[in-house]
Each structure stands twice: as C-alpha cells, then as structure tokens.
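No hydrogens, no waters, no symmetry mates; every other heavy atom, side chains included, goes into these values. So that the names make sense, note that chain A is the first sequence line, chain B the second, and so on, each numbered from 1.
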2 protein chains.
Amino acid sequence: MKTGRGSGRPTVADVAAQAGVSPITVSRTLRTPDKVSPELREQVMAAVAALGYAPDPNARALASARSDVIGVIIPSLTNSVFSDVLTGMYDALADAPYQIHFANNHFSPFEEERLIAGFIRQKPAALIVAGFDQTERGRALLRQAACPVVQIMETGDDPIDMVVGFSQRAAGAAVTQHLIEAGYRRIGFLGARMDPRTLRRLDGFRAALTEAGLYDAGRCVTTPAPSTFSLGRMLLRDLLTRRPDTDAVFCNNDDIAMGALFECQQAAIPVPQHMGIAGFNDLELMEASYPSVTSVRTFRYRMGYLAIEMALKELAGMPPTQRIVDVGFELKVRDTTNRYLTG
Amino acid sequence: MKTGRGSGRPTVADVAAQAGVSPITVSRTLRTPDKVSPELREQVMAAVAALGYAPDPNARALASARSDVIGVIIPSLTNSVFSDVLTGMYDALADAPYQIHFANNHFSPFEEERLIAGFIRQKPAALIVAGFDQTERGRALLRQAACPVVQIMETGDDPIDMVVGFSQRAAGAAVTQHLIEAGYRRIGFLGARMDPRTLRRLDGFRAALTEAGLYDAGRCVTTPAPSTFSLGRMLLRDLLTRRPDTDAVFCNNDDIAMGALFECQQAAIPVPQHMGIAGFNDLELMEASYPSVTSVRTFRYRMGYLAIEMALKELAGMPPTQRIVDVGFELKVRDTTNRYLTG
DNA sequence: TGATTGAATGATAGCGCTCCCATTTGGGGT
DNA sequence: ACCCCAAATGGGAGCGCTATCATTCAATCA
C-alpha cells in the first residue's frame, strides 16, 4: 500500500478498501450522501471514522476544478472598518464547507487586479471585492469568473454580479444636512486617504452644502495619507488656520473626528457650541466618548454577513432573492453636534 | 488539445509544446531556474509569456505534497491588535511565493485545535499561532507538522518550534511599577476578556503590587466579556463603587483605559491628579488623546513581520539565527499618570 | 411477460503538476 | 586515451480525488 511518495495519511482508496466499496462511493458519501444508499453510507462513515480520514482539499480542487476557497479582497487590514466586515463574513460562513481567504490591495486597483487574477487561478467558490473601482481588466476577470461575485461597501445599478452596500454619497449628504439643520453655517470637511468611497461622501457633502448655498471649497481639507487620530488633530488645525471662523466639520471617518475633538479640547474650543463635529462609521468609541460624537452608523458586520450569505445561496443553487442589496445607514446624533446641550 | 474536462487555461504541457521542451523542464524553469540552461530558460519564459500561462496552485500542491499556504491562527479579528500583526505579516511576505491564510479561533483552544487540523490537511508551508495555550492535541499536531511553526505574542523557553513575542508578565509588572513610582498607592486593575495573555499581565500586576505591599484583590475588576470602550467606563464605575478611594488603574488594554478616562471626564474626576490611568498596547489613539494616555507599547507589526521572516528563512533552508525572539515592550508615560502635570 | 425506467454502484480515465530515475553530454583527472 | 563525475534534460508514473459513462438490479408500466 505504501507507494513511496504518499503522504502517509489515509486516502479515499484506503477508506474504500476498509468499507468494501469503490473509491467513488466514498467520494459520493462525503459530498452527496443522498445519492448513496443508507447501508453503504453507514459503512463508509464507519471506515472514515476508523481511519481518521480527511479529504485532501488540493486533490479535490484539482479533480473537480473548483476549490472551497471564497476569496475576499479588501483595501486594508489596519482599518477597523474592514475587520467588522470580515467578522460578519466568518460568522455567515459558520459550518459551510468553504473557507475564506483574504488579501488586501492597499487601496490600489492595480494590486487588486493582481489579486483577482491570483484568486481566479485557484478556481474559487466565490469572490468578494470592495466597491466598484476595479481596473478594466479586473472587472473583465471578475465577469468571466465562473463563480458568484459580490461587491460590498457601496451600491450601484450595474454590479458585476451581486452587490451589498449603501450609498456613500447619500450618507455624506445626510450628515451635512444634519449639520445645517443644527444651525451650523460655516461647515468644513476633513478627509484622509481619499479612497473612492470617501470621495463619494465628499460629493454628498458638497451637494448638500451647495444646495443650501453654503459651500466653500476652501473649507475642504484633505490628504492622501492614511487616516489616524493625530491626523485628525492636524487637519483641524490646518482648517482653522485657513478659515478660523469654521463652526463645524464633517470628518471622512471617526478617527479624524475623534482627533478633531481632542484638538478642540486642548485648544479649549467649546464643542458643540463653537464647533460641531461629525464622524463616519460609528465606531464603538464614538458613543463611549465624552462628549459623545455624532457619526453615521454603517452596517459593516451586516454587509459582510450578507455578502457571504448571498454567495452561499447561489452556490447552493438557489437563485438570490435580489442581486442588489442596500443595507442603508443611520445618522447617530450625539453631543458633538447638539448645540442646545446643557453643559 | 481539448480533452473535455480541462479548464481551458494553458498547462505545462502546452507551454512545453510551444517551447519545444518537456513538461518537467517548464516546471523546473518556473521553480528552480538555475537548474535550467539559460537558452532553454529563455525559450520557456517566452512560451509562458506567449500563452499567458500561470501554474495551478492546486495541482502543484497535490503533486509536491506541499502547498504555498502559510496558515495563521489568531484569536480574533475584531481586535485591532491582531490587525497590526497581520499587516506586519503581509509586509514581510512581500513577493515571496507564499500566501497567508488565516483563521480566528474566537479565543477558544478547542476551535484552535480544529483549525490546526484543518490547516495541516492542506499541507501548509508554515504555521503561525498565537501564544502557548493550545490544547494537548493541538500542540501534538503542531509538533508533528512537517513545516516551520512560529508562536507569537508571548515568549517562553519551550516553543514548539520558534517563537517571537514578549513577556506579558514583565510588561504588566513594569506599568504597575511605574504607577507606584508615580506616587499612586491604591491601584486597581480593570480587565476584559481575560485571555491567557491578559492573565499574565494581571500576574505581573499582582507581583509588583505584592512586592510593594500594596496589593488588594478587591481592586481587581474583570469580566470575560470582550473589551470595548463602554466596558471600560463600566468597569471603572464598578471599581469606584467597591473601592471609592482607588487612585489609579492599570487597564488590561487601551480600549478599557480610554473608557475609564471618559468616565473620569464625565464624573469630573481629575486625571491624573485623583486618578492615574494606564492602558496596554499603545494604540495610536493613546498618544493623540487629550489628555494623552499612558500605555505599554507592544511591537505588534514587528512580531508579525518577524514571524513570517523566520518562517521564510527556514523554508529557504537557512537555519534561523535564533528560535526564541523577544521583541520586548516599551512603557510610554503620558499625561494620565503624570501627577506633576501643569494643567 | 417483456420492455423501460431510474436509482445505486463501479470502472476508467484523467485533473495539472512534480517526483524519481534514467539518459545524455561535456569536461576534468590521471 | 581512459574513466568518472556533474550538469542538463527527459520519460514515466503517480499525487488523491472526481467526472463521465457503463453497468447492475429492482421497480414500473403497457
């Protein structure tokens, strides 16, 4: 039985011999038990247990031209936003016979393209990518991929296959609208990294202010640098140097907003009276902070969860209920934009 | 050329035909180019380029009984601590022909054991696990794994194979020592999740206080719940209910510390005068915060980076310089424990 | 009753790559 | 001139599994 090159672990052949059936019956028992008679099924399972057999995923993938890998490509790991998404994905997977492999493209569509090609080579069960900003070739690869493809974090009418997300632009506009309604008039925008999604938030910001006749391009302070809390402090300082009369800021994300708040505290600028602050994503920190910080709640866990769920559904042969899912967002108004706060 | 079952993509055989060599030469050109003469090498590379050939990782893994997967098992994704570690790993990997697959065990050694078994089935190139608290069988599996194994986040004399980390206990003791030196006397401990590493920090805390004759078990407030900022607030409230005279807290991590700070701000407890606060991990937030928060800087990125580097070195056949690497830690003293602060 | 069907099982032949060993070739050493 | 050896290349087989088609056999129908 030892052929010399083998791994030493039991194979389908071993199980088949032990159970007195053919290898293919073992294979069937493991993958499509209902196509095997109960008696044989039991025999095979007993042999599997006796030998401690576990199938080799590589051999399986080679033979069936389909692996159990669900490829996930996200822009960054450092970003806590994506770790929530991933957590949702893992939870949705539960005990489904797939595994998630992910890669990060460092916010580069070119790296994303490489990663897509790499995944496709593995014949993935499904692919999940962030947003709509793939390269031409990247989109083409995804379109040709013989597997479900889910785009997440944004919505759009023309998904490659399926999409679950929300309108970044509408969310940006909603916060801005809230700041206007709260009585702020000289509203700035603080933005870091400026990836496509951030740009769409800015777009919403601009639209809302323009409509209200309050837009002032000079109050937009942005940087391509990755966002950090300290950067939030710096961006606010920058803005106040250029436009000292600014009375509120919409921050492209919560890190920046929190940094802005710290800066105000240190500079003894009363928040929310003299400076309103709103963030984006609604990290848990924003609610716990004192003062608590206004933000836009995004359903990150949910997006991850649904993305996997939709892919699994399609893999199971069920047609998806819908190909375009908008999970929405929720404005969380808190202390930092509540001008009529007592205290 | 179409055999019916094939994937349609070019294979080694196609490349070999195009280049006028045998399949094995193509294989060699791609994996060990120095074993092929320059002329043939060039021919093969030309054929590869012409056909757009890319090897099938599954077939490769099956034939060579060794995949290009480096398995990483960490307790949690939600935790920003681990995302730093992962970032370091990805960076260390750079263009090495391996890919990282990770899984999280939700802080459960049993789930960890399952994951280890799952990875080993894939014949990984290397395995990286967090800490030393595997199950008996988990350790056995790792020991028998025919690949480099790196334990991270902690140090220990008896690694399964290699280890890169730092002494959680010593770090816990060092912060506590600092609090004592800063003049605090009634020092509490706030801890969430209480995983093995946290327990060792607590151990260091206890040792330092005991030695100073200041230990009071009643000042340790812990919970198995996952740590959040709000939880930090609650834990501090709890502690102050039990021991209102507490004058400093060492928090098991930065989230808790930050929450404690917010609670103090809301309750108008002067920090650091009436309450010293120290965290653990030194997230970027701690430095940016106002007041800035004392913490223990841990080299998370570095640990991830080194873990991969050590594994790659071994995979390349080079003997590792050392099997046990202590990256240390660094106490960052800031406003929240600086009693003599002006302001 | 004989033809027909469908479910259950098996034999065979790969999937795409690499291991192992054999073969060829072109120098050194003596 | 001889042997020997190492480097370069190829032939053949097999990694562990599954797709495909063939076979068996009992149940069904006219």
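The separation between Lys123(A) atom NZ and dA19(D) atom P is 12 Å, rounded to whole Å. dT18(C) atom P lies 8 Å from atom CG of Leu30(B), rounded to whole Å. Spacing between atom CZ of Arg66(B) and atom P of dC15(D) amounts to 17 Å, rounded to whole angstrom units. Rounded to whole Å, the distance from CG on Leu62(A) to P on dA13(C) is 18 Å. Per the geometry, CZ belonging to Arg41(B) stands 13 Å off C1' belonging to dA7(D), to the nearest Å.
Applying the side-chain hydrogen bond (donor to acceptor under 3.5 Å, both in side chains) test to Asn58(A) and every residue at least two apart in sequence or in another chain returns nothing.
For the pair Arg121(B) and dC17(D), the criterion of a side-chain N or O lying under 4.0 Å from OP1 or OP2 is not met.
In terms of modelled atom types and a separation under 3.5 Å, the side chain of Asn104(B) and the main chain of Ser76(B) share no donor-acceptor contact.
Ser80(A) and Ser83(A) share no donor-acceptor pair across their side chains, judged by distance under 3.5 Å alone. Between the side chains of Thr135(A) and Glu113(A), a donor-acceptor pair is found at a separation under 3.5 Å. Using modelled atom types and a 3.5 Å distance limit, the side chains of Lys313(B) and Thr321(B) yield a donor-acceptor pair.
Taking 4.0 Å as the cut-off between side-chain N and carboxylate O, Asp161(B) and Arg323(B) count as a salt-bridged pair.
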Atom pairs under 3.5 Å: protein N/O with N/O of nucleotides 7-12 of chain C:
unit_1  : atom_1 : unit_2   : atom_2 : d
dT9(C)  : OP1    : Ser37(A) : OG     : 2.7
dT9(C)  : OP2    : Ser37(A) : N      : 2.7
dT9(C)  : OP2    : Ser37(A) : OG     : 3.2
dG10(C) : OP2    : Ser22(A) : N      : 3.2
dG10(C) : OP2    : Ser22(A) : OG     : 3.2
dG10(C) : OP2    : Thr25(A) : OG1    : 2.5
dG10(C) : N7     : Arg28(A) : NH2    : 2.8

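Taking each heavy atom of Gly131(A) and Glu154(A) in turn, the nearest pair found is CA-OE2, 3.5 Å.
Residues of residues 46-60 of chain B having a heavy atom closer than 4.0 Å to DNA chain D: none are found.
Residue Arg193(B) places its CZ atom among more than 12 non-hydrogen atoms of other residues, nucleotides or ligands, all under 6.0 Å distant.
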